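Predicted model, so just to flag it, every value in this text is computed and none were measured. Order of listing sets the numbers, starting from 1, for every ligand and every atom in it.
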Amino acid sequence: MAEKVLVTGGAGYIGSHTVLELLEAGYSPVVIDNFHNAIRGGGSMPESLRRVQELTGRSVEFEEMDILDQAALQCLFKKIMKAHGVKNLVFSSSATVYGNPQYLPLDEAHPTGGCTNPYGKSKFFIEEMIRDLCQADKAWNAVLLRYFNPIGAHASGCIGEDPQGIPNNLMPYVSQVAIGRREALNVFGNDYDTEDGTGVRDYIHVVDLAKGHIAALRKLKEQCGCRIYNLGTGTGYSVLQMVRAMEKASGKKIPYKVVARREGDVAACYANPSLALKELGWTAALGLDRMCEDLWRWQKQNPSGFSTQA
Ligand code: UD1
């Protein structure tokens with residue numbers, strides 16, 4: 001019987017791509033999501049997962065649930081995870097736990113905790129709790145994945161990132177400018193200590209990132225204790241380089257204006273991804289052109305994301 005994997009937040013951008021990779025790797029994902037940032041499809045399914053089912057020809061178990069609802073979560077565990085002693089965990093962390101980089105590229109030994117924003121702090125606190133848990137109880141195994149900046153979409157163009165409201169992150173905003181949904185990109189500062197003055201990040205294809213989770217699940221099988229890995233490409237690109245890459249992929253001009261820096265932003269952030277290669281056998285395979293081409297295909301096929309109204 002296929003191994004069950006509980007995926008929290010599995011209807012979202014990273015979640016839906018990961019569920020697809022799990023299905024293709026022969027796992028049987030069970031997804032919970034509270035629709036905080038997901039669109040309903042027909043019936044009880046989120047639209048993203050309805051499409052994942054269509055793409056893979058396999059079915060996904062889904063329950064609408066808030067992960068803070070302890071009673072519901074316990075009930076789910078009883079129902080579908082007959083073995084109650086699940087002590088293997090993959091945690092979605094973020095490169096933002098490194099705070100302002102003291103050196104680059106960032107390896108996993110770089111100090112954490114000096115976070116420049118509350119989101120990063122919450123990831124840092126949870127990492128610390130999981131580390132303590134694994135230290136205190138050797139029956140636990142956990143892989144903490146520090147995501148760099150996931151972008152792009154599944155090659156089918158059927159699933160992708162669909163932020164509600166005005167996108168906070170760079171590439172969803174850029175692609176909405178390319179499709180004509182927004183007038184111009186605001187570039188948050190061009191006076192950073194980088195090649196062209198704009199912020200530099202390690203953008204990684206979301207499908208590569210999703211595959212990183214499969215590698216992490218395999219690692220858990222080794223009774224690995226608590227392990228931490230960067231999921232990045234090792235290459236940083238500036239905001240303006242990203243704009244040009246998206247112009248190339250879309251064939252559209254992307255107007256921008258330079259505005260003030262955004263509070264909490266760092267100048268540059270990119271990974272040393274060699275530990276994941278060494279210990280997980282995982283490395284990012286898809287480059288910048290593919291990321292932008294796939295993002296554009298998703299945007300073009302779904303000008304208003306998962307919702308049907310234009
Ligand atoms: C942001 C979050 C980070 C989170 C990550 C998830 C902040 C301060 N950081 O990281 O906690 O883990 O998203 O993907 O919110 N930019 C513009 N114009 C825009 C948007 C972004 O110029 O409209 C620039 C930013 O200044 C930055 C780069 O583009 O240099 C990337 O920004 P973004 O996509 O928001 O990612 P991060 O800031 O790395």
Start with the C-alpha gap between Met246 and Leu295, add the side-chain angles, then the distance that decides, and say whether side chain to side chain contact (heavy atoms under 4.5 Å, CB included) holds. CA-CA 9 Å; Met246 197 58 188; Leu295 170 57; 3.8 Å; yes
Over 60° means perpendicular and under 30° means parallel, so tell me whether Phe35 and Phe62 are parallel, tilted or perpendicular.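 Correct class here is perpendicular.
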Supply the atom-to-atom distance Glu21 CD to His213 NE2, rounded to the nearest 0.5 angstrom.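 Answer for the CD-NE2 pair, Glu21 versus His213, is 11.0 Å.
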Check each protein residue for a heavy atom under 4.0 Å from ligand 1 and list those that pass, ordered by chain and number.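 Ser94, Thr96, Asn117, Tyr119, Asn149, Asn168, Asn169, Leu170, Leu185, Asn186, Val187, Phe188, Gly199, Arg201, Tyr203, Val239, Arg262, Asp265.
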Under 3.5 Å side-chain donor-acceptor pair for Asn169 and Tyr13: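 Result is no, nothing qualifies.
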Give a yes or no on whether a salt bridge exists between Arg297 and Asp294, defined as a side-chain N under 4.0 angstrom from a carboxylate O.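 Result for this pair is yes, salt bridge flagged.
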Tell me whether Val143 is reachable from Ile130 by hopping between hydrophobic residues (I, L, V, M, F, W, Y) whose side-chain heavy atoms are closer than 4.5 Å.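 Each belongs to a different hydrophobic cluster.
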